[in-house]
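Reading through the structure tokens given below for one structure.
Remember, it's 1-based here, ligands and their atoms both numbered in the order they're listed.
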Amino acid sequence: MYNSRIIGLGTYLPDNVITNDYLSKLMDTKDAWIQERTGIKERRWVKPGSDDTTSTMGLKAAKVAIERAGIDKDDIDFIIFATLSPDYYFPGPGVQVQKALGIKTVGALDVRNQCTGFLYALSVADQFIKTGMYKNILVIGSELHSHGLDKTTRGRGVSVIFGDGAGAAILSREEDNSRGILSTHLHSEGEHAEELTVLAPSMGAMRWVTDIIKENDPDDTSYMPYMNGPFVFKNAVVRFSEVIKEGLKANDLGIKDIDMLIPHQANLRISQFIQKKFGLSDDQVFNNIQKYGNTTAASVPIALTEAWELGKIKEGDTVVLAAFGSGFTWGSVVMKW
Ligand code: UT7
């Protein structure tokens, strides 16, 4: 059995900065409300008419990760792409990245686990590498939320939170079993699937795009993201704590062993709650939601990359990734850097 280790990281953030003050011109909201409730100061939204899509942003992040890993694109054995905002209803963006990179016929898998998507993707990649099936796997989390948000007062409980961006990692075979990914723990609770969701267009409810156009109902919000914010918040703080502890326990580690915790950037208040509960210092938790908002499947790889670029993660550090989101889904990854 091998271990797997991240050998390259990359991000892509569109350069179009959207401030809270800008949003207050579109809807009834205030910088003070957004900062107090979420910690977000600004986020990136792709410029309307720009070439950025979920797959092209993922591709740009992937190219940085590949270069930093010091491998060739043809060394990649498998691609895993996590997103809730694919370019097409189908196929998923994994094959688009494969085509754009010019990689011949390796497998490309798309993961639909929202905010926990990158952790699910890492976990799947880890299993493939552990068994010896693959050596280098490209793992991407990318989201383009801004085209699909309700930017009126009606949608303010959701639209002020989400941002666009991408992060990517190259996960590679590691022969030293004390290094790299030590454990992954994944969970879901479908009972709460409708608490954070986009309901349409859907095949299940037989309400496809043509039906929505035909109905042309200005009050229809079924194709906009819906979130029961306070309920999601309450579940998030519980599940974050549980799954971090679960990961640590599986490795005979304690809270004091965490050198760096990278929580999914859902809400600064959630991260701060976990930090306080675990008694972690500011140096042991990394947050960048202030700059980018919640980028769902892209948030963990963007935060991990930025923490690493800032020199906050060093060789031998115990790094814990944790996420919670729509599904509900949640998970943790414990790594020895
Ligand atoms: O990433 C996946 C997981 N997601 C999460 O973990 C998110 C979890 N939830 C949250 O982060 C928070 O629930 C929110 C940030 C979404 C909302 O914060 P909250 O403190 O839970 O506010 P609330 O939904 O209870 O709303 C409080 C008030 C309401 O007004 P009334 O009914 O008290 O008069 C809302 O209408 O704030 C109002 N409100 C806003 N006001 C100004 C909601 N959104 C806004 C807004 N600007 N953008």
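- In terms of N/O distances under 3.5 Å, ligand 1 is approached by Asn267.
- In this structure, the side chains of Val320 and Leu253 stay at 4.5 Å or more apart for every pair of heavy atoms.
- The atoms of ligand 1 that sit less than 4.0 Å from any heavy atom of Val160 are 48 (N).
- Residue Ser326 has no nitrogen or oxygen atom sitting less than 3.5 Å from a nitrogen or oxygen atom of ligand 1, judged on distance alone.
- Taking CD of Glu306 as the reference point, atom CG of Leu13 lies at 7.5 Å (rounded to 0.5 Å).
- Members clustered with Ile71: Ile7, Leu59, Ile66, Ile76, Ile79, Phe81, Val97, Leu101, Ile103, Val106, Leu138, Ile140, Ile170, by chain and number, using a 4.5 Å side-chain heavy-atom cutoff among hydrophobic residues.
- Protein non-hydrogen atoms do reach within 4.0 Å of atom 4 (N) of ligand 1.
- Residue, atom and distance of the protein heavy atom nearest to atom 7 (C) of ligand 1 are Met227 SD, 3.8 Å.
- Relative to the six-membered ring of Phe324, Arg239 misses at least one condition, a distance below 6.0 Å or an angle of at most 45° to the axis.
- For Asp51, the CG atom counts as loosely surrounded, since its 6.0 Å shell holds 12 or fewer non-hydrogen atoms of other residues, nucleotides or ligands.
- The neighbour count for Lys73 NZ, taken as heavy atoms of other residues, nucleotides or ligands under 6.0 Å away, is above 12.
- Those atoms of ligand 1 with a heavy atom of Ile161 less than 4.0 angstrom away are 16 (C).
- For the pair Thr38 and ligand 1, the shortest N or O to N or O distance does not fall below 3.5 Å.
- In this structure, Tyr89 and Trp208 have perpendicular ring planes: the angle between them is above 60°, well past the 30° mark.
- Near Gly157, with a cut-off below 4.0 Å to any heavy atom, the atoms of ligand 1 are 16 (C), 44 (N).
- Annotation: cation-pi geometry satisfied between Lys151 and Trp45 (NZ/CZ under 6.0 angstrom from ring centroid, within 45° of ring axis).
- Ligand-side atoms of ligand 1 in range of Cys115: 1 (O), 2 (C), range being under 4.0 angstrom from any heavy atom.
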- Applying side-chain contact (heavy atoms from CB on, under 4.5 Å), run through Trp308 and Arg68 and close with a yes or a no. CA-CA 12 Å; Trp308 175 77; Arg68 285 175 171 172; 3.6 Å; yes
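- For ligand 1, one of its N or O atoms has an N or O atom of Gly229 under 3.5 Å away.
- By the criterion of a heavy-atom distance under 4.0 Å, both the backbone and the side chain of Phe233 are placed next to ligand 1.
- Taking a distance limit of 4.0 Å, we find that atom 45 (C) of ligand 1 is approached by some protein heavy atom.
- In this structure, atom 31 (P) of ligand 1 has its sub-4.0 angstrom surroundings free of protein heavy atoms.
- Contacts of Gln114 with ligand 1, taken as heavy-atom pairs under 4.0 Å, are absent altogether.
- Listed by first and then second residue, the side-chain hydrogen bond (donor to acceptor under 3.5 Å, both in side chains) pairs that reach into residues 9-22 are Tyr12-Asp52, Asn20-Asp31, Asn20-Arg43, sequence neighbours excluded.
- Distance check on atom 20 (O) of ligand 1: some protein heavy atom falls below the 4.0 Å cut-off.
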